[in-house]
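What follows is a short report on a single structure.
So that the names make sense, note that chain A is the first sequence line, chain B the second, and so on, each numbered from 1.
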2 protein chains.
Amino acid sequence: MTGDQIASEQTISEAIRSLMPTLTRAEKQLAHSLLDNYPVSGLGSITTVADNAKVSTPTVARMVKKLGCSGFPEFQARLRQELEAAISNPIAKHDRWATDVPDAHILNRFADAVMANMRQTLAQLDPKMFDAAADLLAEEAHAVHVVGGRISRALADYFFTHMQVIRPGVTLVASNSNAWPHYVLNMQPGDVLVMFDVRRYEHDILKLAEMAQAQGVRIILLTDQWGSPAARHAEFSFNIRIEAPSAWDSSVVTMTVVETLIAAVQNRLWDDSRDRVKRLEDLFDQTKMFRKFV
Amino acid sequence: MTGDQIASEQTISEAIRSLMPTLTRAEKQLAHSLLDNYPVSGLGSITTVADNAKVSTPTVARMVKKLGCSGFPEFQARLRQELEAAISNPIAKHDRWATDVPDAHILNRFADAVMANMRQTLAQLDPKMFDAAADLLAEEAHAVHVVGGRISRALADYFFTHMQVIRPGVTLVASNSNAWPHYVLNMQPGDVLVMFDVRRYEHDILKLAEMAQAQGVRIILLTDQWGSPAARHAEFSFNIRIEAPSAWDSSVVTMTVVETLIAAVQNRLWDDSRDRVKRLEDLFDQTKMFRKFV
DNA sequence: TGAAAAATGTAATGAAAGTTTCAGAAACCA
DNA sequence: TGGTTTCTGAAACTTTCATTACATTTTTCA
């Protein structure tokens with residue numbers, strides 16, 4: 001990722017410790033300074049590092065060569081690499097996906113990309129904002145409107161289908177933007193508008209956000225990592241990574257966030273919602289269109 | 001100790017997040033690059049940081065000023081200071097970059113479940129079957145029909161929307177099962193039917209599979225780990241894990257498989273499909289309904 | 001659609017950083 | 001102690017970095 005590719009089995013700190021006995025007076029001084037508050041103490045400039053250890057810069061330069069680095073910059077690169085490995089999220093790690101398949105197979109490449117998207121999205125997602133958005137969606141006093149663009153329409157549909165069961169007052173805004181003013185007309189102040197807007201942001205959806213906000217509608221926006229222009233009208237914005245080894249963007253993480261939101265709202269409304277689910281089940285039984293609900 | 005004494009209540013990452021909406025395109029790009037793998041990604045030289053984010057060095061210089069630093073060196077000093085504080089306090093460390101979220105939060109529980117689903121699904125998925133299914137979908141001589149159930153309709157819709165761009169002869173079967181006989185009437189021997197059927201398997205969809213198979217239609221089925229009864233009529237069955245800490249099943253991995261299929265088919269038809277994408281783009285431009293396609 | 005404003009990158013410049021050389025200081029040994 | 005070796009840092013030198021000014025591109029809005 002960072003392009004720092006220095007092969008070594010040993011960490012810098014291990015190397016320092018094992019070399020310690022052979023080090024000279026000034027070098028030992030430096031070594032202790034480095035191990036003290038490792039590895040941050042090694043991340044400044046060579047001058048800072050030297051000053052901190054009260055030695056001269058050439059001493060530092062000689063020392064890093066003894067540690068097997070070509071120079072101070074490589075020494076730092078290795079420190080950063082170690083740091084990266086130490087603090088990387090456990091989600092990043094996975095045992096090989098589809099076994100017996102070359103890593104280069106599209107299945108594995110796609111899974112890798114999805115995992116990276118997932119990790120990065122979650123790392124940047126503010127759980128307080130998530131909880132607040134879920135709270136808002138759980139307020140049955142206010143209607144919820146859901147709208148998506150050309151591609152994200154399917155996600156809007158998915159979200160709508162679930163929310164419709166969980167709580168009353170949920171409407172899916174038609175994807176045809178000509179009809180949007182009519183929908184806005186029916187929105188009340190305090191209503192919630194959930195918008196999906198990814199990549200080639202449509203101008204119309206920005207207009208919709210403007211109109212809705214002007215009516216006092218509170219907006220939850222699900223968009224990509226670059227952010228839709230509609231974000232400035234949104235009270236809550238979820239920025240989701242959508243990169244994929246494909247000509248198309250990936251909606252997988254967006255789907256994850258959608259499903260998590262659904263679960264969170266369902267939890268908040270459980271008593272009421274359980275009753276609704278039960279009634280829906282009965283309705284299905286009556287029409288014989290579906291078997292059991294759960 | 002380090003001499004880096006810059007007073008600030010806010011961490012750099014908090015500052016970036018709160019500034020995010022007001023940032024410009026290149027700055028957002030840089031912001032994400034910094035948050036990604038924070039704070040290591042910010043510890044290289046300004047040139048490295050700029051290169052990693054694919055922006056110019058002046059953009060980095062301007063950005064750090066927006067973050068309230070006098071210059072890049074001060075920015076780095078603050079990052080190191082944060083790092084020092086975080087490392088000396090393991091609890092803070094966990095909170096800071098292991099996603100900022102307590103493990104028990106629904107976001108993490110859901111992500112864990114999705115990850116487990118992904119692993120198990122891919123481990124059991126036969127890549128040869130996957131490739132064969134993609135080959136079949138890439139045969140332009142045969143029409144492709146797509147159908148989904150009540151919940152999986154959104155997935156069917158998503159698959160359809162993409163396939164429609166990639167190749168000709170793709171139809172979405174209406175979700176209303178009353179109309180299905182009409183659709184079957186229009187299916188030719190050798191046509192492909194992509195079916196989504198998850199959990200409470202609908203009786204009608206089994207009937208549809210029977211009818212279609214009787215007409216010589218080849219069936220690709222995306223179902224859950226227990227398998228839809230329609231599987232016995234399907235030439236290719238994808239069994240996908242759908243468990244989630246929710247009252248609902250998770251469609252995330254199904255979405256992943258769908259997107260991977262889309263990418264695989266697109267690769268196979270690239271020459272032809274590129275042309276179609278181009279033409280679609282022109283059409284969008286003409287109608288002014290959308291901006292750029294890609 | 002075109003003018004004005006904003007954003008972004010190229011290129012030049014001065015300021016540091018990192019490296020090397022070398023002379024003096026310290027340790028070692030006879 | 002004197003000679004030798006090793007260690008250390010001052011200073012010169014080269015390279016890279018961070019910053020600024022400016023030109024180009026992109027966006028915005030009338």
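Here A:K65 lies in heavy-atom contact (under 4.0 Å) with sugar-phosphate atoms only. Contact annotation for B:R25: backbone-only contact, meaning every heavy-atom pair under 4.0 Å involves sugar-phosphate atoms and none involves a base.
Checking D:dT8, D:dG9, C:dA17 against every side-chain atom of A:P58, the shortest atom distance belongs to D:dG9. Of the listed nucleotides (D:dT19, D:dC17, D:dT8), D:dT8 has the atom at the smallest distance from the side chain of A:E27. Proximity note for B:T24 (side chain, C-beta onward) versus C:dT8, C:dT19, D:dG9: the nearest is C:dT8. The side chain of A:P73 sits closest to C:dG18 out of D:dT8, C:dG18, D:dA18. In the set D:dT8, D:dA18, C:dT20, D:dA18 carries the atom at the smallest distance from any side-chain atom of B:I46. Looking at the side chain of B:S45, the nearest of the listed nucleotides D:dA18, D:dG9, C:dG18 is D:dA18.
Between C:dT8 and B:S56, no contact under 4.0 Å exists linking OP1 or OP2 to a side-chain N or O. When the side-chain nitrogen and oxygen atoms of B:T57 are compared with OP1 and OP2 of D:dA18, none of them lie within a distance under 4.0 Å. Note on B:T47: a side-chain N or O is less than 4.0 Å away from OP1 or OP2 of D:dC17. Proximity of A:T59 to the phosphate of D:dG9: a side-chain N or O atom is located under 4.0 Å from OP1 or OP2.
A:R241 and A:D224 are not joined by a salt bridge, as no carboxylate oxygen comes within less than 4.0 angstrom of a charged side-chain nitrogen. With respect to A:K66 and A:E27, a salt bridge is recorded, a charged nitrogen being found less than 4.0 Å from a carboxylate O. In this structure, A:K207 pairs ionically with A:E210, as a charged nitrogen and a carboxylate oxygen lie closer than 4.0 Å.
If you measure from atom CG of A:D51 to atom P of D:dG9, you get 11 Å, rounded to the nearest angstrom. What separates CD of A:Q76 from P of C:dA16 is a distance of 18 Å, to the nearest Å. Look at CG on A:L206: it is 10 Å from P on D:dC29, rounded to the nearest Å. Atom pair B:R62:CZ and D:dC22:P shows a separation of 14 Å (rounding to whole Å applied). Rounded to whole angstrom, the span from the CD atom of A:Q29 across to the C1' atom of D:dT8 amounts to 11 Å. Per the geometry, CG belonging to A:L23 stands 17 Å off P belonging to C:dA27, to the nearest Å.
Listed for the A:E14 side chain is a donor-acceptor partner under 3.5 Å among the backbone atoms of A:T11. With hydrogens and angles ignored, the 3.5 Å screen pairs a side-chain donor or acceptor of A:Q76 with a backbone N or O of A:G44.
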